[in-house]
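FYI, the numbering just counts along the sequence from 1.
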Amino acid sequence: MKSIKFTRRRISADLLGIILTVLMLVIISAQFSRRSPIFDDTTYDVSSGWLTEDEKSVSMSELPAGKITITHSLSEMEIIDKSLCIKSSDTFLDVSVDGREVYHYEPIHPDIIGKSYGNYIHIIPLPPNADELTMMLTPVYDGDTADLRFVSIEDPPKFISDIYRQGLPEFIACFIMIVFGVIMMLLDITG
């Protein structure tokens, strides 16, 4: 008699866990799949087309090691109310527009934390009549390569939303593992 009650409880808990997981997935996917009408869909991918100081063409995926200064033309882009949006990892950067510095990122951390600065999202507003964008990239670690990803000129809310959307599958996988882990612990405790 006891084993029948335990089996029913276990099946009920498993079904409840599956239903809650599916419900959470539906809510999350509905939230992230909606497109807001306030976003301007014009996005300029500027991860390629950069020129070094010696006029060599480079992209963000093939930057040379060490400190580097790169330039990109903005003359053919409509950048009214847009920002330069970047996700960086262990990289300091200085951004100049038409020769005028508009952004400097080089945080100072106490020695106890170490030199790993991790990932940061940078949103740098651009003036509407800009012609040239210059970035000076300095990797935190000597001899390393600057690491910039998702480099684009677009609306900041759209950029943040897109980053969250790209991380959604990993989030869902972690959420499912946590839910099943909690269910297993509850079954073990109640069993």
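- Here Phe150 contributes atom CZ and Cys85 contributes atom SG; the two are 12.5 Å apart, rounded to the nearest 0.5 Å.
- Contacts of Ser47 classified as side chain to side chain donor-acceptor pair (under 3.5 Å), with partners at least two apart in sequence or in another chain: Asp45.
- Not counting sequence neighbours, the partners of His122 by the ring-ring contact (aromatic ring centres under 6.0 Å, His included) test are Tyr103, Tyr105.
- The only option from Asp155, Ile160, Leu84 that meets the side-chain contact (heavy atoms from CB on, under 4.5 Å) definition with Ile123 turns out to be Ile160.
- Taking every heavy atom of both residues into account, Asp131 and Asp98 meet most closely at N-OD1, 3.1 Å.
- For Ser61, the side chain to side chain contact (heavy atoms under 4.5 Å, CB included) criterion is met by Ser59, not counting sequence neighbours.
- Glu78 CD to Glu76 CD: the interatomic distance, rounded to the nearest 0.5 Å, is 12.5 Å.
- Nearest heavy atom pair, residue Thr91 against residue Ser88, reads O-OG, 4.0 Å.
- Listed here is the closest heavy atom pair of Ser96 and Glu101: OG-CA, 3.6 Å.
- In plain terms, the two heavy atoms of Ile86 and Met135 that are nearest each other are CD1-SD, 3.7 Å.
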Run the side-chain contact (heavy atoms from CB on, under 4.5 Å) check on Glu132 and His72 step by step: do they pass?
CA-CA 6 Å; Glu132 187 176 75; His72 198 288; over 6 Å; no
Test side-chain contact (heavy atoms from CB on, under 4.5 Å) on Phe92 and Leu137 and set out the steps.
CA-CA 6 Å; Phe92 301 138; Leu137 310 173; over 6 Å; no
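- In terms of heavy-atom proximity, Pro128 sits nearest to Ile80 at CB-CG1, 3.9 Å.
- Val95 has its side chain out of reach of His104: every pair of non-hydrogen atoms, C-beta onward, lies at least 4.5 Å apart.
- For the side-chain contact (heavy atoms from CB on, under 4.5 Å) with Thr52, the lone residue among Ile70, Thr71, Leu63, Thr69 that qualifies is Ile70.
- With a 4.5 Å cut-off on side-chain heavy atoms, Asp147 and Arg149 count as touching.
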Any chance you could lay out the side-chain contact (heavy atoms from CB on, under 4.5 Å) test for Ile153 and Phe159, step after step, and finish with the verdict?
CA-CA 9 Å; Ile153 296 175; Phe159 177 73; over 6 Å; no
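- By the rule that hydrophobic residues join a cluster once side-chain heavy atoms approach within less than 4.5 Å of another member, Leu74 and Ile124 end up as members of one cluster.
- Listed for the Ser75 side chain is no donor-acceptor partner under 3.5 Å among the backbone atoms of Ser73.
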Could you walk me through whether Lys158 and Thr43 pass side-chain contact (heavy atoms from CB on, under 4.5 Å), step by step?
CA-CA 9 Å; Lys158 181 180 178 302; Thr43 298; 3.3 Å; yes
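- In terms of the side chain to side chain contact (heavy atoms under 4.5 Å, CB included) criterion, Asn129 has no residue partners (sequence neighbours excluded).
- Looking only at distances, no side-chain donor or acceptor of Tyr120 sits under 3.5 Å from a matching main-chain atom of Asp90.
- Applying the side chain to side chain contact (heavy atoms under 4.5 Å, CB included) test to Pro127 and every residue at least two apart in sequence or in another chain returns Val97, Arg100, Ala130.
- Under the rule for a side chain to side chain donor-acceptor pair (under 3.5 Å), Ser48 has no partner lying at least two apart in sequence or in another chain.
- Leu148 and Met136 are not part of a single hydrophobic cluster, where members link through side-chain heavy atoms under 4.5 Å apart.
- For the residue pair Pro125 and Ser83, the shortest heavy atom distance occurs at CA-OG, 3.5 Å.
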